[in-house]
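Only one structure is covered here, and it is reproduced in the block below.
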Number of protein chains: 2
Amino acid sequence: MDKTPPNGPTNGPENNPANSNDPNGKTAPLDPQTRGLYFAFFNEIGIISQLSRAMMEASLPNGLSVAHFSVLNHLVRLGDGRTPLDIARAFQLPKTTMTHTLSVLEKNAMIILRPNPKDGRSKCVFLTDKGREFRDDAIASLDPDVAALSSRIPIKVVSELVDKLADIRKTLDDYRDE
Amino acid sequence: MDKTPPNGPTNGPENNPANSNDPNGKTAPLDPQTRGLYFAFFNEIGIISQLSRAMMEASLPNGLSVAHFSVLNHLVRLGDGRTPLDIARAFQLPKTTMTHTLSVLEKNAMIILRPNPKDGRSKCVFLTDKGREFRDDAIASLDPDVAALSSRIPIKVVSELVDKLADIRKTLDDYRDE
DNA sequence: ATTATATTGTGCGATATCGAACTATATAAT
DNA sequence: ATTATATAGTTCGATATCGCACAATATAAT
């Protein structure tokens, strides 16, 4: 994964009426077309998110949802021992949501929470065998869907999209903490 | 908006081990790289969805959420008088979720539900002035964010992404109803 | 016409999400 | 050392999401 900076031939402030600050400090009205474009973008993102969520949930064993799978998958891919807050930040979720998700996973014996030796306030999240197993099973159960999609959506297209979406995700992320 | 078909130089069944059905009817294992790619894609989609949702909610008046705004925006853009089920399908949401969302909007006098003259089981959703006003205000309150983003993410990139995402959305949509 | 099947919307219960307030610990300021 | 401030995680209450079962109506089959 290369880190292409999210700036190609961009529209600088000179192209963007909303960025030209006039004397009284107000902002010029945003170009309606630009506005519509970004709304359309987030709209598509939202619908695809919804669709993929539903698709995954249909193949997931009863009671466990995408949220749970995502956490397990994250830990398998990037290594366990992370703190709850680390994980919450990775998914851009509030920490209270992560507390709840982790407590369900813990009840299901798919993770173990241990005190963080480096920080008395914190904890570390470890996968159990059952957690890894569940994650593997979930992925396997999704294979038919992924296979079907990979024959309908060109891999190359998806590959390029992932890069660009990752850039945008980083940009949004940076923008969020001003 | 041109409708580029979602099939460029795609990976046909010949490239896709999971599509070659072997004698016993089972499916060959999916290429792990392909699998990872699609998971990465849906992961980025999910995080951006989460980020944009949080961003919008931060600018939205108290009590009303992205779900409510989206419905109002949809009705303004595509016209009101649609049925709840139409709207649910447009966002790929279960109809029970839409019932709830609409009931909140109705309580806030932003929509009116009237019986459907063409179908006794159904209803039609109409915008009120207050609903349109709320939608306009919401968009205006998001302008600073959109402006900031449009200076960070090239318009051209977003424009291309919207087209490709729309294709994928349609593909997923078709795939969903088998 | 009658019956069988499908569709629209709703009520309900279970769970998920999230903001606010809180506890405990860590870090910085003095 | 003491105090002030920041951070990690939890609890709690409000709301959202969604599957299931249901009533009402529509459509198809006979």
Side-chain angles (χ1 to χ4, degrees), chain A residues 46-47 49-71 81-108 111-125 176-177, chain B residues 46-47 49-71 81-108 111-125 176-177:
Chain A
I47 295 176
S49 170
Q50 173 62 28
L51 272 165
S52 64
R53 184 170 230 85
M55 188 176 73
M56 295 179 82
E57 230 128 63
S59 299
L60 241 44
N62 214 330
L64 279 284
S65 71
V66 173
H68 306 114
F69 166 77
S70 298
V71 169
R82 282 150 210 286
T83 70
L85 197 55
D86 282 340
I87 305 171
R89 275 202 267 256
F91 293 104
Q92 297 297 336
L93 292 168
K95 54 184 181 172
T96 60
T97 303
M98 192 49 59
T99 297
H100 184 256
T101 303
L102 291 177
S103 80
V104 172
L105 287 172
E106 196 185 25
K107 254 176 223 145
N108 285 75
I111 60 167
I112 295 178
L113 290 170
R114 302 177 56 188
N116 187 341
K118 312 221 167 191
D119 188 333
R121 300 165 296 180
S122 183
K123 297 185 176 174
C124 295
V125 186
R176 203 189 53 138
D177 13 88
Chain B
I47 296 176
S49 170
Q50 172 62 27
L51 271 164
S52 64
R53 184 170 229 83
M55 189 176 71
M56 293 179 83
E57 229 128 62
S59 299
L60 241 43
N62 213 331
L64 279 284
S65 70
V66 173
H68 306 113
F69 166 77
S70 298
V71 169
R82 283 150 208 287
T83 70
L85 196 55
D86 282 339
I87 304 172
R89 277 203 265 257
F91 292 104
Q92 299 298 336
L93 291 168
K95 53 186 181 170
T96 59
T97 303
M98 192 49 60
T99 296
H100 184 256
T101 303
L102 291 177
S103 80
V104 172
L105 286 172
E106 196 184 26
K107 252 175 225 145
N108 284 76
I111 60 168
I112 295 179
L113 290 171
R114 302 176 56 189
N116 187 342
K118 312 218 169 195
D119 188 333
R121 300 165 295 181
S122 182
K123 297 186 177 175
C124 295
V125 186
R176 203 188 54 139
D177 12 270

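Letters A, B, ... are given to chains in the order of the sequence lines, protein chains preceding strands, and every chain is numbered from 1.
No donor-acceptor pair under 3.5 Å is formed between the side chain of A/T97 and the backbone N or O of A/L93.
The nearest whole Å value for the distance from the CG atom in A/L102 to the P atom in C/dT17 is 12 Å. Atom CZ in A/R82 sits roughly 15 Å away from atom P in D/dA8 (whole-Å rounding). If you measure from atom CG of B/L60 to atom C1' of C/dC18, you get 15 Å, rounded to the nearest angstrom. Straight-line distance from the CG atom of A/N116 to the P atom of C/dT25: 13 Å, rounded to whole Å. The interatomic distance linking A/M98 (CE) with D/dT7 (C1') rounds to 17 Å, in whole Å.
Near-neighbour residues of DNA chain C inside residues 118-125 of chain B, defined by a heavy atom below 4.0 Å, number-ordered: B/R121, B/S122, B/K123.
In this structure, CD1 on B/I47 lies 9.0 Å from OG on A/S70, to the nearest 0.5 angstrom. Atom-to-atom distance recorded for B/F69:CZ and B/L64:CG is 11.0 Å, nearest 0.5 angstrom. The CG atom of B/N108 sits 9.5 Å away from atom OG of B/S103, with the distance rounded to the nearest 0.5 Å.
Between B/C124 and B/R82, every side-chain heavy-atom pair lies at or beyond the 4.5 Å cut-off. Within the 4.5 Å cutoff, side-chain heavy atoms of A/R176 are placed close to those of A/Q92.
Each of A/Q92 and A/K95 was matched to the nucleotide of DNA chain C holding its nearest heavy atom; the match closer to the 5' end belongs to A/Q92.
Shown here for B/Q50 and A/P94, the closest heavy-atom pair between the two residues is NE2-CD, 4.3 Å.
Only one option out of B/L105, B/V71, B/L102 pairs with B/V125 in a side-chain contact (heavy atoms from CB on, under 4.5 Å); it is B/L102.
Residues passing the side-chain contact (heavy atoms from CB on, under 4.5 Å) test with B/S65, sequence neighbours excluded: B/E57, B/A67, B/H68. Considering only residues two or more places apart in sequence or on other chains, B/D86 meets the side-chain hydrogen bond (donor to acceptor under 3.5 Å, both in side chains) condition with B/T83.
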Which atom pairs, one a donor and one an acceptor, fall under 3.5 Å between side chains of residues 111-118 of chain B and the rest of the protein, sequence neighbours left out?
residue, atom, partner, partner atom, Å
B/N116, OD1, B/K118, N, 2.9
B/N116, ND2, B/S122, OG, 3.4

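With axes fitted over five pairs at each extremity, the angle between the ends of the helix from C/dA1-D/dT30 to C/dT30-D/dA1 is 30° (10° resolution).
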Treating primed atoms plus P, OP1 and OP2 as sugar-phosphate and everything else as base, which nucleotides of nucleotides 11-17 of chain D get B, S or - for protein heavy atoms under 4.0 Å? B----SB
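Residue contacts for B/S103: at a heavy-atom cut-off of 4.0 Å it reaches no nucleic acid atom on any strand shown.
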